[in-house]
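Before any comments, here is the structure.
Keep in mind that the numbers below use all heavy atoms, side chains included, and drop hydrogens, waters and symmetry copies.
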Amino acid sequence: MGSWTTCTSARTATAAPPGTRPPPTSLAHWVMAVPATVIYFTTYDQLRDYLHARTGSRGPHIPLLAGALARLGAVTVISPLELIRTKMQSRQLSYRELGVCIQSAVAQDGWLSLWRGWGPTVLRDVPFSALYWFNYELVRTWLCRKAWLEEATFMVSFTSGAISGTVAAVLTLPFDVVKTQRQIELGDSEVHPVSASKPSSTWLLMQRIRAESGTRGLFAGFLPRVIKVAPACAIMISTYEFGKTFFQKLNQERRLRGL
């Protein structure tokens, strides 16, 4: 963890050269969010269709398994970008200083240092994804049946995404609390490197939070998380489904015109 501490001293020791202004945090967000969403949604669709064809089953366990595997792959690919985003948001580093931080981390702790925090992220995001897609497919099928629809409309996808996102967010909130706690401890260790060590295991952190704040402590931030996650899930999945349907019809029309 000392390699990332070097970034603090590098930041305080030298000023950013002219023309290397710190990247905006909004850019840091999109740098990670766009590729993560593209990889995640596309992988889920491909895995779901593959498992349907391979097993000959269309049971609810297929979306659950495909969602978990898709998120596991996306988290593994995007994890270094998330670490970089966290650094960009925690202190205003220029692109040059950010490069120094990454080089220092790799030199001291190896390439695996770029996947620091991968474990807690997987424990939060993989169960979330599995629950999200499991509930999304169930709710979407139920709404289509009730409305006598052959295909889900934009509003059906939007509503299904909001409901399934809310359920998944509530059930996986303890893992989000643990991930936040680990990030706080990482920041504290950089500011106070000689401070007493705290348990880093996810389960030990859960036990400590429960001992200090009770079970309610594991569900801290319930309302803000739901307010953030539900509309985000609804917007992303409805937009994705709309775009997918649009381009499928466009490709079908092109094929028909080519005949």
Identify, with sequence neighbours excluded, every residue that meets side chain to side chain donor-acceptor pair (under 3.5 Å) alongside T172.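 Applying side chain to side chain donor-acceptor pair (under 3.5 Å) to T172 gives R225.
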Under the side chain to side chain donor-acceptor pair (under 3.5 Å) test, residues paired with S129 that sit two or more places apart: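 Listed in chain order: Y40.
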For residues [X] and [Y], report the shortest heavy-atom separation together with the two atoms involved.
X: N135; Y: S164; result: CB-CB, 3.6 Å
X: Y132; Y: G161; result: CE1-O, 3.7 Å
X: S157; Y: Y136; result: OG-OH, 3.5 Å

The criterion is ring-ring contact (aromatic ring centres under 6.0 Å, His included); which residues satisfy it with Y44, sequence neighbours excluded?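 Partners of Y44 by the ring-ring contact (aromatic ring centres under 6.0 Å, His included) criterion, ordered by chain and then number, come out as W133.
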Listed partners of Y240 passing ring-ring contact (aromatic ring centres under 6.0 Å, His included), at least two apart: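 Residues passing ring-ring contact (aromatic ring centres under 6.0 Å, His included) with Y240: F41.
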Run through the side-chain heavy atoms of Ile, Leu, Val, Met, Phe, Trp and Tyr, join any pair under 4.5 Å, and report what else lands in [X]'s cluster.
X: F246; result: F247, L250
X: L131; result: V167, L171
X: F158; result: F154, M155, I235, F242

Partners of E212 by salt bridge (Lys or Arg N to Asp or Glu O under 4.0 Å), sequence neighbours excluded?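 Testing E212 for salt bridge (Lys or Arg N to Asp or Glu O under 4.0 Å), a comparison that skips the adjacent residues, returns R208.
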Please identify each residue that fulfils salt bridge (Lys or Arg N to Asp or Glu O under 4.0 Å) with D49, with sequence neighbours left out.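 Expected list: none.
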Under the salt bridge (charged side-chain N to carboxylate O under 4.0 Å, His left out) definition, can you give me all pairs with a residue in residues 162-175, not counting sequence neighbours?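 Of all non-adjacent pairs touching residues 162-175, none passes salt bridge (charged side-chain N to carboxylate O under 4.0 Å, His left out).
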Find the distance between [atom1] ([X]) and [atom2] ([Y]) and round it off to the nearest 0.5 Å.
X: R48; Y: T43; atom1: CZ; atom2: OG1; value: 12.5 Å
X: E253; Y: K249; atom1: CD; atom2: NZ; value: 8.5 Å
X: T42; Y: L47; atom1: OG1; atom2: CG; value: 11.0 Å
X: W118; Y: L123; atom1: CH2; atom2: CG; value: 8.5 Å
X: L218; Y: Q207; atom1: CG; atom2: CD; value: 10.5 Å

Steps toward side chain to side chain contact (heavy atoms under 4.5 Å, CB included) verdict (V229, T166): CA-CA 7 Å; V229 170; T166 300; over 6 Å; no
Please report the C-alpha distance between V177 and F219 in whole Å, then the side-chain angles of each, then the deciding distance to 0.1 Å, and finally whether the side chain to side chain contact (heavy atoms under 4.5 Å, CB included) criterion is met. CA-CA 7 Å; V177 171; F219 290 89; over 6 Å; no
Okay, side chain of S213, backbone of R210: is any donor-acceptor separation there less than 3.5 Å?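 Not at all, since once roles are kept as given, no pair shorter than 3.5 Å links the two residues.
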Show me the donor-acceptor pairs within less than 3.5 Å that the side chains of residues 55-67 make with the rest of the protein, sequence neighbours left out.
residue : atom : partner : partner atom : Å
T55     : OG1  : L51     : O            : 2.6
T55     : OG1  : S57     : N            : 3.3
S57     : OG   : G59     : N            : 3.1

Please step through side chain to side chain contact (heavy atoms under 4.5 Å, CB included) for the pair L173 and V170, ending with a clear verdict. CA-CA 5 Å; L173 183 57; V170 172; 5.8 Å; no
Above 12 or not: heavy atoms from other molecules or residues under 6.0 Å from NZ of K228?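 Not buried by this count: 12 neighbours or fewer within 6.0 Å.
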Report yes if the side chains of V122 and L72 come closer than 4.5 Å at any heavy-atom pair, otherwise no.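 Of all side-chain heavy-atom pairs linking L72 with V122, at least one is under 4.5 Å.
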Any side-chain heavy-atom pair of C233 and F128 under 4.5 Å: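 They are in contact (side-chain heavy atoms under 4.5 Å apart), so the answer is yes.
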Could you list the donor-acceptor pairs under 3.5 angstrom formed by side chains in residues 139-152, with sequence neighbours left out?
residue : atom : partner : partner atom : Å
R140    : NH1  : E241    : OE2          : 3.2
R140    : NH2  : E137    : OE1          : 2.8
T141    : OG1  : E137    : O            : 2.7

